[in-house]
Amino acid sequence: MSTAPAHGNATGETASILKQPRTVWAIAFACVIAFMGIGLVDPILKGIATELHATATETELLFTSYLAITGLMMLVTSFISSRIGARLTLLIGLAFIVLFALLAALSPSVEAIIGFRAGWGFGNALFISTALATIVGAASGGTSAAIILYEAALGLGIAVGPLVGGLLGSIAWQGPFFGVSVLMAIAFVAILVLLPREAQGVVREKTRFTAPLRALGNRTLLVLALAALFYNVGFFTLLAFSPFAPGLNGFTALDLGFVFFGWGVAVAVTSVWVAPILTARMPRSTVLAVVLPLLAIDLGLVGLLVASTVGIIVCIIVGGLFLGVLNTVLTEAVMNATDLPRSVASSAYSFVRFIGGAAAPPLAAAIAAWTGDPAISFYVGGASVLVATVLIVAGRHQLRRIDGGEETVREEAEDIGVADAA
């Protein structure tokens, strides 16, 4: 089996992401704002809990409703976009985010915010899945460069989100929601102006409603999706529950914003620079098998140092370094896992992985409440990441395609042809 590197020249690939059409930059800007929504509420969780008299578990449901609906709606995004076009799908998604972020800001109770975050998640699903496929299709420099650009937008959004949340949240807990609504309105205008309409008479290949679920019948995609599900439990335990760790007691929204700004910068740096270097030297499945256990160890250390302010801050930022690599490599792997349309593969993968993200925050809060020890929640998150590692290692045979590039795909095609001839 070939183990040709995923990237030929990591430096060249990274440089090529800067030479993109205006359309790609417009979508990337909107992606940054969309991904801000993931970490935006992190610094204001305690403020919402105090102001609206909510428990930690209730406030963690702000992540759950958002991610659960995002994941479920991923099943229909390719069906919708293949009928109305990528441009209109992106605009509808952005419009939903603008509306429901505004409604969340005007909410009188935590239950109302949870509901409006679900509507926000619906718009997020329409936008994110379509944006990834659109960037990959429109970017110059090949699929890898496009994915690095997409992950850079993700990292920047995740970095800026907590900082904006902390700055605006220090004024009032509603501030971050108003801020996202305004920024997404700007992104809406940018897409409206810069993303050209489809030429009249273009015949779209319509995606079946069941296509994403059927896509999970592909073993390569299924292994990656299940691994991402367990990985996301660790990801969102670190992101969503660490503000409630004893070591961060007394931290203001702005303090938490700076902590998670450092975390997000770490995600962005390794997404753009470190991941390409690693995949230029090792098969993607090897990178995953090496970095996933490192993230599990980091989560275990968060549990051990849960009462240490310095210790937990260092572990959060170091965790971001591992998350950046894993996000990029998993996304690249999914985009190369099958011959299915990229929007279908992305929808199927995202549906499964967001289940883990939706479950992790309230699960972590509930475990801490049941046991009386928040460290246990981080140990569970680390154990979940180890399950992801086992899936990657045990599924190496199914992952040959993501490791060998085009040469392996040709070999597999030839094997199929020989089998058919026999």
Side-chain angles (χ1 to χ4, degrees), residues 31-51 56 59-60 62-63 66 101 104-105 151-180 182-183 234-274 295 298-299 301-325 327 360-361 364-365 374 377-378 381:
C31 284
V32 171
I33 310 304
F35 290 127
M36 282 173 57
I38 295 175
L40 186 83
V41 300
D42 231 30
I44 59 173
L45 288 175
K46 290 182 178 179
I48 290 174
T50 301
E51 293 288 333
T59 54
E60 294 290 3
L62 296 177
F63 281 97
Y66 172 80
E151 292 297 335
L154 185 153
L156 183 58
I158 285 178
V160 174
L163 187 58
V164 171
L167 289 168
L168 297 179
S170 64
I171 301 171
W173 67 261
Q174 298 94 334
F177 297 127
F178 281 122
V180 164
V182 171
L183 289 170
F235 182 121
F236 282 95
T237 297
L238 185 65
L239 173 64
F241 187 65
S242 52
F244 290 97
L248 298 184
N249 282 345
F251 270 45
T252 66
L254 188 56
D255 294 333
L256 290 170
F258 279 115
V259 170
F260 283 95
F261 173 71
W263 173 80
V265 169
V267 172
V269 167
T270 53
S271 292
V272 176
W273 286 287
V274 178
L295 176 61
D298 185 73
L299 282 161
L301 289 174
V302 174
L304 287 173
L305 303 172
V306 75
S308 166
T309 300
V310 173
I312 198 168
I313 290 174
V314 170
C315 287
I316 287 171
I317 294 173
V318 170
L321 297 173
F322 301 139
L323 293 169
V325 172
N327 286 343
S377 300
F378 295 105

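Residues take their numbers from the sequence shown, with the count starting at 1.
- Listed for the Ser170 side chain is a donor-acceptor partner under 3.5 Å among the backbone atoms of Leu167.
- Across all non-hydrogen atoms, the minimal contact from Leu299 to Gly234 is CD1-CA, 3.7 Å.
- Distance CD1/Ile44 to OG1/Thr50: 12.0 Å, rounded to 0.5 Å.
- Taking both residues in full, the closest heavy atoms of Cys315 and Leu305 are given as SG-CD1, 4.1 Å, listed atom of the first, atom of the second, then distance.
- Annotation for Gly165 and Pro176: closest pair O-CG, 3.5 Å, computed over non-hydrogen atoms.
- Across all non-hydrogen atoms, the minimal contact from Ala240 to Pro243 is O-CD, 3.5 Å.
- Here the side chain of Thr309 pairs a donor or acceptor atom with the backbone of Gly247 at under 3.5 angstrom.
- In terms of heavy atoms, Ser242 sits closest to Phe378 at CA-CZ, 3.7 Å.
- For the atom pair CG of Leu239 and CG of Leu323, the computed distance is 9.0 Å after rounding to the nearest 0.5 Å.
- Within the 4.5 Å cutoff, the side chain of Phe258 has no heavy atoms near those of the Pro43 side chain.
- One distance of note links CG of Leu301 with CD1 of Ile312; it measures 11.0 Å at 0.5 Å rounding.
- A distance of 9.5 Å separates CG in Leu168 from CG in Leu163, rounded to the nearest 0.5 Å.
- Proximity of Asn327 to Phe235: side-chain heavy atoms (C-beta onward) are separated by under 4.5 Å at one or more points.
- Minimum interatomic distance between Ala365 and Phe241 (heavy atoms only, all atoms of both residues): CA-CE1, 3.7 Å.
- Distance check, rounded to the nearest 0.5 Å: CD1 of Ile313 to CG of Leu248 gives 6.0 Å.
- With rounding to the nearest 0.5 angstrom, the CZ atom of Phe244 is 5.0 Å from the CG atom of Leu45.
- A heavy-atom distance below 4.5 Å is not found between the side chains of Trp263 and Val259.
- Between Phe35 and Leu156 there is no side-chain heavy-atom pair separated by less than 4.5 Å.
- A donor-acceptor pair under 3.5 Å links the side-chain atoms of Asp255 to the main chain of Thr252, judged by distance alone.
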